[in-house]
Engineer: 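Structure below; questions to follow.
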Amino acid sequence: MEEEKKAAHFIKNIIINDIENKKISKIITRFPPEPNGYLHLGHAKSICLNFGIADEFSGECNLRFDDTNPAKEEQKYIDSIMEDVKWLGFDWEDRLFHASDYFDRLYDFAVELIKKNRAYVCSLSGDEIRQYRGTLTTPGRNSPFRNRSTAENLDLFERMKKGEFNDGEHVLRAKIDMSSPNINMRDPIIYRIKKTAHPRTKDKWCIYPMYDFTHCLSDAIEGITHSLCTLEFEDHRPLYDWIIDQLDTPCHPKQIEFARMNLDFTIMSKRKLNILVEKKYVKGWDDPRLPTLAGIRRRGFTPQSIRKFCSLIGISKKESRIDLGVLENCIREDLNEKAPRVMGVLNPLKLIIENWPEGQIEELDAMNHPQKKEMGTRKVIFSREIFIEREDFMENPPKKFFRLGPGREVRLRYAYFITCRKIVKDDNTGEIKEIICTYDPATRGGDAPDGRKVKGTLHWVSGQHSIPAKVRLYDRLFLKEDPEEANDDFTDNINPESLVTLDNCRVEKSLENAGAGDTFQFERLGYFCIDSRDSSPDQLIFNRTITLRDTWAKLKKKKH
RNA sequence: UGGGGCGUAGUCAAGCGGUUAAGACACAGGAUUUUGAUUCCUGCAUUCGGAGGUUCGAAUCCUCCCGCCCCAGCCA
């Protein structure tokens with residue numbers, strides 16, 4: 001994980017400064033998800049930041065569920081979030097917390113606020129509260145209930161807790177300043193009645209604290225030193241500080257805001273991700289096209305690659321959009337190191353070697369990784385009828401096409417040089433049915449003793465000795481870099497070819513025992529992993545994680 | 001038009017009064033290659049949103065201007 005930590009950024013600078021000034025001895029951060037959805041790459045950025053900083057400065061990072069709205073939160077999200085954080089490679093050890101763990105203490109803090117005449121029960125309706133709040137440019141007005149006596153406030157608040165009122169009848173508000181230019185300071189609501197069972201506290205409470213009240217106090221209770229959050233909470237910082245200042249808390253954490261991550265060709269909004277799932281644009285929360293951690297995991301991304309990515313994109317306050325190439329580069333870099341090489345043919349084209357005896361087979365040695373001898377070798381079976389990639393043959397190839405064409409000689413990887421002699425076409429459609437070639441027996445293994453060179457090397461599998469497979473080719477989910485661009489319906493920008501399923505692929509026999517999640521490089525094509533949900537030994541299903549860098553494809557594209 | 005933020009290369013991003021303005025991705029060349037992969041070289045901001053000012057010296061300090069983002073949930 002070493003190299004994932006080097007980059008300097010403003011938050012780190014603040015922390016270093018705090019340590020040097022002896023303000024703080026031990027750094028404590030927290031990752032505070034609301035369990036109302038699945039984690040995505042944006043969360044990964046926050047997880048890596050919080051856990052990474054704790055790690056780097058020998059501190060601690062807590063996992064804390066911000067579960068103050070039982071109407072939206074569910075246990076299944078809590079479970080999946082824990083799984084995702086673990087998968088990413090972080091450990092909260094014994095520090096698993098929930099804001100709901102603090103409901104009693106939070107209630108006491110609220111009482112303390114009332115006693116200090118810094119909070120009151122307001123009985124305005126929701127609409128009225130909005131009207132009294134004023135607008136961005138006009139100040140708000142004081143609630144008629146603002147001057148209730150402490151005794152009355154205490155009594156009412158207790159009765160709210162006891163369940164004597166209905167949802168919306170009363171709220172508890174901080175008494176700050178209705179004319180503040182910062183709307184968050186205009187007597188914000190800190191408790192509301194919500195007669196909803198909570199996933200953890202069940203029916204114990206019918207009043208729940210709001211985010212602004214809960215978050216800062218939870219941080220203080222846990223002794224958080226640096227409370228890192230996203231930019232939209234910048235306006236809430238004065239309130240965060242105000243609440244801590246009014247109350248007798250163990251410490252005063254420092255809130256620091258950083259910019260969310262935006263990634264090209266995808267979306268990070270929980271709400272919109274939810275629409276994609278609910279309206280079946282994708283097949284579920286773990287659809288490999290989604291930026292959810294469950295999705296990219298199934299797609300074949302490794303935790304290392306995601307951590308690397310998060311370290312590369314940096315931390316700043318500038319709103320930015322990350323080039324997809326950065327993510328792609330991270331996964332290629334990691335898989336290039338780790339993935340065993342193998343041969344698979346996506347769109348098979350039959351090729352017959354006419355001077356190879358019928359029924360004869362030969363076992364050839366193939367390296368599992370050309371740069372890593374220690375990964376060993378395997379046998380691949382060569383025979384008279386093989387499959388090559390349809391794309392690797394052209395009847396009228398252009399100059400720069402280094403593959404097979406009439407009369408051309410190429411190398412079959414780890415096997416022999418072959419020369420194309422004939423093309424067999426379908427009489428009616430004109431489609432190429434098979435290619436007839438001859439091989440040069442002197443080139444076994446792929447080298448010519450006479451030193452002659454070939455321009456291209458093709459991957460292949462034996463017709464008889466390969467196994468069928470389905471392959472899912474994934475591409476970007478959206479056509480636009482920013483699918484949420486002004487007045488667009490983001491679903492209009494969905495890439496209709498984000499998933500292409502190939503049912504008639506052939507892969508080499510060594511893959512027959514591959515298991516869920518195993519990742520391979522199909523030489524010359526890309527990285528593919530066994531789908532963890534749908535694949536079975538009888539029917540292998542691979543997900544394409546990412547293609548190899550393809551300068552030939554780029555060249556072709558340029559010409560058009 | 002209130003308040004809070006942000007502007008350094010195509011995209012991220014270091015930089016904190018004196019540097020030839022880091023690094024990554026992308027891009028363009030070249031070398032090696034039994035993956036058009038990998039790896040390896042080389043190039044890629046006389047300039048930091050703009051204009052003024054302070055200073056021997058400014059991306060860094062000051063002033064004004066311009067552009068973009070966020071805030072009016074009993075969501076987080």
Side-chain angles (χ1 to χ4, degrees), chain A residues 6-10 13 32-34 36 66-69 71-73 122 125-126 129-131 133-140 167-173 180-186 189-194 208 210-212 214-215 229-238 257 259 261 264 270 311-330 332-333 336-337 341 343 366-367 369-371 400-403 411-415 417 443 445-447 453-459 481 521-526 547-555:
Chain A
K6 283 178 195 155
H9 60 246
F10 79 100
N13 293 343
E34 181 188 13
N36 69 344
D66 219 336
D67 54 349
T68 58
N69 186 359
K72 291 187 177 172
E73 297 152 5
C122 179
S125 71
I129 287 181
R130 195 178 331 118
Q131 282 159 21
R133 188 151 38 216
T135 71
L136 294 178
T137 49
T138 61
D167 288 15
E169 261 184 75
H170 307 283
V171 291
L172 185 69
R173 290 230 247 171
S180 171
N182 180 346
I183 293 189
N184 293 303
M185 300 300 271
R186 320 241 261 231
I189 293 167
I190 57 178
Y191 261 94
R192 77 287 213 187
I193 299 170
K194 200 175 275 256
Y208 293 95
M210 298 284 288
Y211 166 85
D212 285 306
T214 309
H215 205 91
C229 63
T230 42
L231 250 30
E232 69 270 27
F233 292 104
E234 222 153 11
D235 287 344
H236 294 242
R237 187 167 7 110
E257 310 84 12
M261 146 164 50
D264 278 354
K270 270 191 200 174
S311 80
L312 283 181
I313 62 174
I315 301 290
S316 76
K317 300 191 72 155
K318 187 170 97 189
E319 310 181 41
S320 58
R321 175 160 290 281
I322 311 294
D323 189 315
L324 226 208
V326 180
L327 213 211
E328 295 182 337
N329 188 56
C330 288
R332 283 197 185 108
E333 188 178 277
N336 177 47
E337 288 290 310
R341 272 63 197 202
M343 290 194 284
M367 281 184 284
H369 190 124
Q371 281 83 34
K400 289 284 185 81
F401 187 80
F402 301 151
R403 308 175 188 182
R411 171 169 39 234
L412 291 177
R413 178 135 238 229
Y414 299 125
F417 283 14
T443 57
D447 277 313
K453 302 285 183 206
V454 288
K455 281 292 224 179
T457 300
L458 309 188
H459 62 278
E481 286 185 358
Q521 184 196 93
F522 286 9
E523 291 207 37
R524 303 210 303 132
L525 297 174
T547 60
L548 253 30
R549 218 176 250 113
D550 190 346
T551 46
W552 167 241
K554 210 156 62 183
L555 273 176

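None of these values were measured; they are calculated from a predicted model.
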Engineer: I want to confirm an ordering. Mapping A:Glu73 and A:Pro370 to their closest nucleotides on RNA chain B, which one lands closer to the 5' end?
Structural biologist: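 Nearest-nucleotide comparison on RNA chain B picks A:Pro370.
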Engineer: Would you say A:Arg321's side chain and A:Glu481's backbone share a donor-acceptor pair under 3.5 angstrom?
Structural biologist: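 Present.
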Engineer: For A:Arg133, is there any backbone N or O sitting under 3.5 Å from a side-chain donor or acceptor partner on A:Arg186?
Structural biologist: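 Between the backbone of A:Arg133 and the side chain of A:Arg186 there is a qualifying donor-acceptor contact (under 3.5 Å).
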Engineer: What contact category does A:Asp212 fall into here, base, sugar-phosphate, or nothing, at under 4.0 angstrom with non-hydrogen atoms?
Structural biologist: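 Nothing, no heavy atom under 4.0 Å.
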Engineer: Given the P atoms of B:rC16 and B:rU55, what is the spacing between them in whole Å?
Structural biologist: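 One P to the other, the span is 23 Å.
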Engineer: Have a look at A:Glu257 and say if it touches a base, only the backbone sugar-phosphate, or nothing, with a 4.0 Å heavy-atom cut-off.
Structural biologist: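 Nothing: the residue A:Glu257, judged by heavy atoms under 4.0 Å, touches no strand.
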Engineer: Side chain of A:Leu548 only, please: which of B:rA37, B:rG36, B:rC74 is the nearest?
Structural biologist: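 Per side-chain heavy atoms of A:Leu548, the pick is B:rA37.
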Engineer: With A:Asp323, which residues qualify under side chain to side chain donor-acceptor pair (under 3.5 Å), at least two apart?
Structural biologist: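 For A:Asp323 there are no side chain to side chain donor-acceptor pair (under 3.5 Å) partners, ignoring immediate neighbours.
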Engineer: Hey, does A:Thr551 reach any base, or is it just sugar-phosphate, or nothing, if we go heavy atoms under 4.0 Å?
Structural biologist: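 Here A:Thr551 touches the backbone only, sparing every base.
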Engineer: Within the structure, does a side-chain N or O atom of A:Arg133 lie under 4.0 Å from either OP1 or OP2 of B:rG73?
Structural biologist: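 So the side-chain polar atoms of A:Arg133 do come within 4.0 Å of the phosphate oxygens OP1 or OP2 of B:rG73, strictly under.
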Engineer: Going by distance alone, is a donor N or O of one side chain under 3.5 Å from an acceptor N or O of the other, for A:Arg341 and A:His369?
Structural biologist: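 A:His369 and A:Arg341 do have a side-chain donor-acceptor pair below 3.5 Å.
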Engineer: For atom P, what is the distance between B:rG7 and B:rA28, given to the nearest Å?
Structural biologist: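 Comparing P positions in B:rG7 and B:rA28 gives a spacing of 30 Å.
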Engineer: So A:Thr68, base contact, sugar-phosphate only, or nothing? Heavy-atom distance under 4.0 Å.
Structural biologist: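 It contacts sugar-phosphate atoms only.
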Engineer: Quick one: A:Arg413 CZ to B:rU35 C1', roughly how many Å, whole number?
Structural biologist: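 It works out to 5 Å between those atoms.
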Engineer: How long is the line joining CG of A:Asp67 and C1' of B:rC75, in whole Å?
Structural biologist: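 Rounded to the whole Å, the gap is 14 Å.
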Engineer: A:Arg341 CZ to B:rA37 C1': how many Å, rounded?
Structural biologist: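 Between C1' of B:rA37 and CZ of A:Arg341: 8 Å.
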Engineer: Just to be sure I understand the rule, does A:Met367 reach a base, reach only the sugar-phosphate, or reach nothing, if contact means heavy atoms closer than 4.0 Å?
Structural biologist: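 The residue A:Met367 makes no contact with any strand.
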Engineer: Using the C1' atom as the point on both nucleotides, what is the distance between B:rG30 and B:rG53, in whole Å?
Structural biologist: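 Their C1' atoms lie roughly 49 Å apart.
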Engineer: What distance, rounded to whole Å, do you find between the two P atoms, one in B:rA13 and one in B:rG18?
Structural biologist: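 Approximately 23 Å lies between the P atom of B:rA13 and that of B:rG18.
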Engineer: Touch check for A:Phe401, heavy atoms < 4.0 angstrom, all strands: base, sugar-phosphate only, or nothing?
Structural biologist: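 The answer is base, as A:Phe401 lies within the cut-off (heavy atoms under 4.0 Å) of a base atom.
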Engineer: Checking all strands, does A:Thr547 fall into the base, sugar-phosphate, or nothing category for heavy-atom contacts under 4.0 angstrom?
Structural biologist: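 Counting heavy atoms under 4.0 Å across all strands, no contact is made by A:Thr547.
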Engineer: According to salt bridge (Lys or Arg N to Asp or Glu O under 4.0 Å), who are the partners of A:Glu232, at least two apart in sequence or on a separate chain?
Structural biologist: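 If we apply the salt bridge (Lys or Arg N to Asp or Glu O under 4.0 Å) test to A:Glu232, skipping adjacent residues, the hits are A:Arg260.
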Engineer: Tell me every residue that passes side chain to side chain donor-acceptor pair (under 3.5 Å) with A:Asn13, counting only those two or more places apart in sequence or in another chain.
Structural biologist: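 Once residues adjacent in sequence are excluded, A:Asn13 has no partner under the side chain to side chain donor-acceptor pair (under 3.5 Å) criterion.
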Engineer: Using atom types as modelled and distance alone, determine if a side-chain donor or acceptor of A:Thr138 lies under 3.5 Å from a backbone N or O of A:Gly134.
Structural biologist: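 No.
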Engineer: Can you name the residues that form a salt bridge (Lys or Arg N to Asp or Glu O under 4.0 Å) with A:Glu73, not counting sequence neighbours?
Structural biologist: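 Residues passing salt bridge (Lys or Arg N to Asp or Glu O under 4.0 Å) with A:Glu73: none at all.
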Engineer: Base, backbone or nothing for each nucleotide of nucleotides 3-21 of chain B, written B, S, -, heavy atoms under 4.0 angstrom, 5' to 3'?
Structural biologist: BSSSSS--SSSSSB-----
Engineer: Answer yes or no: is there a donor N or O on one side and an acceptor on the other, between the side chain of A:Thr230 and the main chain of A:Ala259, under 3.5 Å?
Structural biologist: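 No, A:Thr230 side chain to A:Ala259 backbone: no donor-acceptor pair under 3.5 Å.
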Engineer: Output yes when a side-chain donor or acceptor of A:Asp66 lies under 3.5 Å from a complementary backbone atom of A:Tyr211, and no otherwise.
Structural biologist: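 No, the answer is negative, given that no donor and acceptor are paired below the 3.5 Å cut-off.
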Engineer: Counting distance only, does the side-chain N/O of A:Arg130 pair as donor-acceptor with the main-chain N or O of A:Ser125 below 3.5 Å?
Structural biologist: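 No.
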Engineer: For Watson-Crick and G-U wobble pairs within 3.5 Å on both distances, what is RNA chain B written in dot-bracket notation, | included for inter-strand pairing?
Structural biologist: .(((((((.[[[..)..(....]]].(((((.......))))).....[[[[[..)....]]]]])))))).....
Engineer: Calculate the interatomic distance between A:Arg130 atom CZ and B:rC71 atom P; express it in whole Å.
Structural biologist: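 Going from A:Arg130 (CZ) to B:rC71 (P), I get 16 Å.
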Engineer: Whole Å only: how far is the CG atom of A:Asn329 from the P atom of B:rA37?
Structural biologist: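 From A:Asn329 CG to B:rA37 P: 14 Å.
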Engineer: Quick check: any donor-acceptor pair below 3.5 Å linking the side-chain of A:Gln371 to the base of B:rU39?
Structural biologist: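 By the distance-only test, no, there is no pair.
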Engineer: Measuring to OP1 and OP2 of B:rC75, would you say a side-chain N or O of A:Arg192 lies under 4.0 angstrom away?
Structural biologist: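 True: A:Arg192 side-chain N/O within range (under 4.0 Å) of B:rC75 OP1/OP2.
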Engineer: Which part of the nucleic acid does A:Phe233 contact within heavy-atom distance under 4.0 Å: base, sugar-phosphate only, or nothing?
Structural biologist: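 Counting heavy atoms under 4.0 Å across all strands, the contact made by A:Phe233 includes a base.
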Engineer: For A:Lys72 and B:rG73, what is the distance between atoms NZ and C1' respectively, to the nearest whole Å?
Structural biologist: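 Computing the A:Lys72:NZ to B:rG73:C1' distance gives 8 Å.
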Engineer: Rounding to the closest angstrom, what is the interatomic distance between B:rG52 and B:rU60 at atom P?
Structural biologist: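 Their P atoms lie roughly 14 Å apart.
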Engineer: Given B:rG36, is OP1 or OP2 found less than 4.0 Å from the side-chain N or O atoms of A:Thr457?
Structural biologist: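 Checking A:Thr457 against B:rG36: no side-chain N or O falls below 4.0 Å of OP1 or OP2.
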Engineer: Kindly say whether A:Ile183 contributes a backbone atom to a donor-acceptor pair with the side chain of A:Ser180 at under 3.5 angstrom?
Structural biologist: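 Absent.
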Engineer: Please state the P separation for the pair B:rC6 and B:rG49 - nearest whole angstrom.
Structural biologist: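 Straight-line distance between the two P atoms is 13 Å.
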Engineer: Is A:Tyr414 touching bases, backbone alone, or none of the nucleic acid, heavy atoms closer than 4.0 Å?
Structural biologist: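 A:Tyr414: base contact, heavy atoms under 4.0 Å.
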Engineer: Tell me the interatomic distance from A:His369, atom NE2, to B:rA37, atom P, rounded to whole angstroms.
Structural biologist: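 So the NE2-P distance, A:His369 to B:rA37, works out to 15 Å.
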Engineer: Is there a stack between A:Trp552 and B:rG36, judged by ring centres under 5.5 Å and planes under 30°?
Structural biologist: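 According to the criterion (under 5.5 Å, under 30°), yes, A:Trp552 stacks.
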Engineer: A:Asp550 has an atom CG; how far is it from atom C1' of B:rA37, in whole Å?
Structural biologist: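 So the two atoms are 9 Å apart, to the nearest Å.
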